[in-house]
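This report concerns only the one structure given below.
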Protein chains: 2
Amino acid sequence: VWTIVVAAGTGERFGRPKQFEDLGGRSVLDWALSTAGAASDGVVTVLPAGHAALGSDASTVAGGRTRAESVRCGLAAVPEEAEVICVHDAARPFASPDLFAAVVAAVRGGADGAVPGLAVTDTIKVVDRDGVVVSTPDRASLIAVQTPQAFRADVLRRAHVAGAEGTDDAALVEAVGGRVVVVAGEANNRKLTHPVDLEWARRLLSDDAERPR
Amino acid sequence: VWTIVVAAGTGERFGRPKQFEDLGGRSVLDWALSTAGAASDGVVTVLPAGHAALGSDASTVAGGRTRAESVRCGLAAVPEEAEVICVHDAARPFASPDLFAAVVAAVRGGADGAVPGLAVTDTIKVVDRDGVVVSTPDRASLIAVQTPQAFRADVLRRAHVAGAEGTDDAALVEAVGGRVVVVAGEANNRKLTHPVDLEWARRLLSDDAERPR
């Protein structure tokens, strides 16, 4: 099992690359790396092109212009003998080791891919370019997905042909006919997208520190 | 313009009826009622059947077994001369007067209905009953909707035939061919679904109190 930690984002919505922000004394990225490292035989970290840490060891590579391109940069550094490959967002510091284990187990159990998902509580609508509602999908059939996402290595490599794009890797695997299953996601496994999310993460840590053990 | 404030929920996910919880010295429902009252010529509040405040004045009615039934109970109490009817969740204390004005203006401007919407930041997938992914809709075409939702009164009444169900009123209007448009939603206009949401709302108020004016 190898994990690609995608940390190549520029933080467009956040205002700066959020993966390097401090969270309880270490970077957001370090949180993701430490869990990924414990859950995998090896980790490849995809950093922004030009980042100072690049080349510091063999497991860091430079990313591309899009998220999918960055994953492909990471894939090229994953050894051929890897059977299961996880892809994880560096901006999700609180994914648990159990969550990594759950998606890997689902792939070992026969799926081409496995993603963590949470029930959607908002009503979601499909809109056209003019902001007119096209449809309201049944909420019970929708899930909001997270990372880590795990895949059979051969299927992930096949899905990631040059130029393929999507907001997650599972979408690319689905596009080549792969069977992707959903495992229970985790409420605290939020992606830090806006500054308020980082404030939430810091508060969660300090609440945890205050809690009697 | 009349507004139906739906406060008939039993708080299944919350653990108790959240609309009566304290938020800065008044109930969550009171927050919603005060904004709805300022934005409308009249307000009908739909309370749980058997609630003590029922019948205290003509503008409170008892709800039904589902959200849509409760809205129909409210609709029956809205005067025939109402031209625009808004429906608002009591569990959204922080919708602004501007948001009410925006949805009403969109209906005055020719739409059958108008809903506040926010961009979806998660990747959303459609799954089947076995938890297998069916598709990944393009995220750019998805919005998460809020209330208040405003409608042409005649179209809303036509959409709310006995037995019609949906997670929001716009879905019923869409089902009878109504044209529903999206206006920009508000980040603080969250629905208090879980206890942690109420904690968030209380913290937001206390942060506001501390902020220099």
Side-chain angles (χ1 to χ4, degrees), chain A residues 13 106 111-115 117-147 149 166-175 178-185 187-188 190-191 193-194 196-197 199-200 203-204 207, chain B residues 13 106 111-115 117-147 149 166-175 178-185 187-188 190-191 193-194 196-197 199-200 203-204 207:
Chain A
R13 285 177 291 195
D112 294 314
V115 301
L118 289 180
V120 170
T121 53
D122 290 319
T123 296
I124 302 288
K125 291 184 189 287
V126 180
V127 296
D128 68 16
R129 279 153 191 251
D130 299 322
V132 177
V133 175
V134 175
S135 65
T136 305
D138 175 18
R139 188 170 63 185
S141 70
L142 301 180
I143 55 146
V145 301
Q146 308 177 331
T147 70
Q149 303 189 342
T167 53
D168 72 348
D169 298 279
L172 304 187
V173 167
E174 293 151 37
R179 183 167 162 277
V180 176
V181 300
V182 177
V183 307
N188 284 345
R190 287 201 216 164
K191 185 168 181 176
T193 304
H194 301 285
V196 67
D197 302 322
E199 287 168 34
W200 164 84
R203 202 159 39 219
L204 188 75
D207 287 355
Chain B
R13 283 177 292 195
D112 294 313
V115 301
L118 289 180
V120 171
T121 52
D122 291 318
T123 295
I124 303 288
K125 291 186 190 286
V126 180
V127 296
D128 67 17
R129 279 153 190 251
D130 299 322
V132 177
V133 174
V134 175
S135 66
T136 304
D138 175 18
R139 188 168 63 184
S141 70
L142 302 180
I143 56 146
V145 301
Q146 307 176 331
T147 69
Q149 302 190 343
T167 53
D168 73 348
D169 297 279
L172 304 187
V173 167
E174 293 152 36
R179 184 168 161 276
V180 176
V181 300
V182 178
V183 307
N188 284 344
R190 286 202 216 163
K191 185 168 182 176
T193 303
H194 301 284
V196 66
D197 301 324
E199 286 167 33
W200 165 84
R203 201 158 41 220
L204 187 76
D207 287 356

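All values below were derived from every heavy atom in this structure, side-chain atoms included, with hydrogens, water molecules and symmetry-related copies excluded. Proteins come first, then strands; the chains are lettered A, B, ... in the order of their sequence lines, and each starts at number 1.
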Query - Shortest non-hydrogen contact between A:Asp122 and B:Ala144, atoms and distance - result: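 In this case the closest contact between A:Asp122 and B:Ala144 is OD2-CB, 3.7 Å.
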**Report entry** Closest contact, heavy atoms only, A:Lys125 versus B:Ala170
**Finding:**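 It is NZ-CB, 3.6 Å.
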Query - Criterion side chain to side chain contact (heavy atoms under 4.5 Å, CB included) against A:Val180, the qualifying member of B:Val134, B:Val133, B:Thr136 - result: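 Considering B:Val134, B:Val133, B:Thr136, a side chain to side chain contact (heavy atoms under 4.5 Å, CB included) with A:Val180 is found only for B:Val133.
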Query - Portion of B:Arg190 that has a non-hydrogen atom of chain A nearer than 4.5 angstrom - result: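 Nothing of B:Arg190, per the 4.5 Å heavy-atom cut-off to chain A.
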Requested in this report: Check each atom of B:Val181 against the heavy atoms of chain A and say whether the ones under 4.5 Å are side chain, backbone, both or neither.
Outcome: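 When you check distances to chain A, atoms from both the backbone and side chain of B:Val181 fall under 4.5 Å.
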Between [options], the one whose heavy-atom pairs under 4.5 Å with chain A are most numerous:
options                                : answer
B:Val127, B:Asp130, B:Val120, B:Val115 : B:Val127
B:Glu174, B:Arg179, B:His194           : B:Glu174
B:Ile143, B:Val182, B:Val196, B:Val132 : B:Ile143

Query - CZ-CG distance between B:Arg139 and A:Asp168, expressed to the nearest 0.5 angstrom - result: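 If I round to the nearest 0.5 Å, the distance is 9.0 Å.
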Query raised in the report: In Å, rounded to the nearest 0.5 Å, how long is the span from CG of B:Asp138 to OG1 of A:Thr167?
Result: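 So the CG of B:Asp138 and the OG1 of A:Thr167 are separated by 8.0 Å.
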**Report entry** Test log, rule side chain to side chain contact (heavy atoms under 4.5 Å, CB included), inputs B:Ile124 and A:Val145
**Finding:** CA-CA 6 Å; B:Ile124 303 288; A:Val145 301; over 6 Å; no
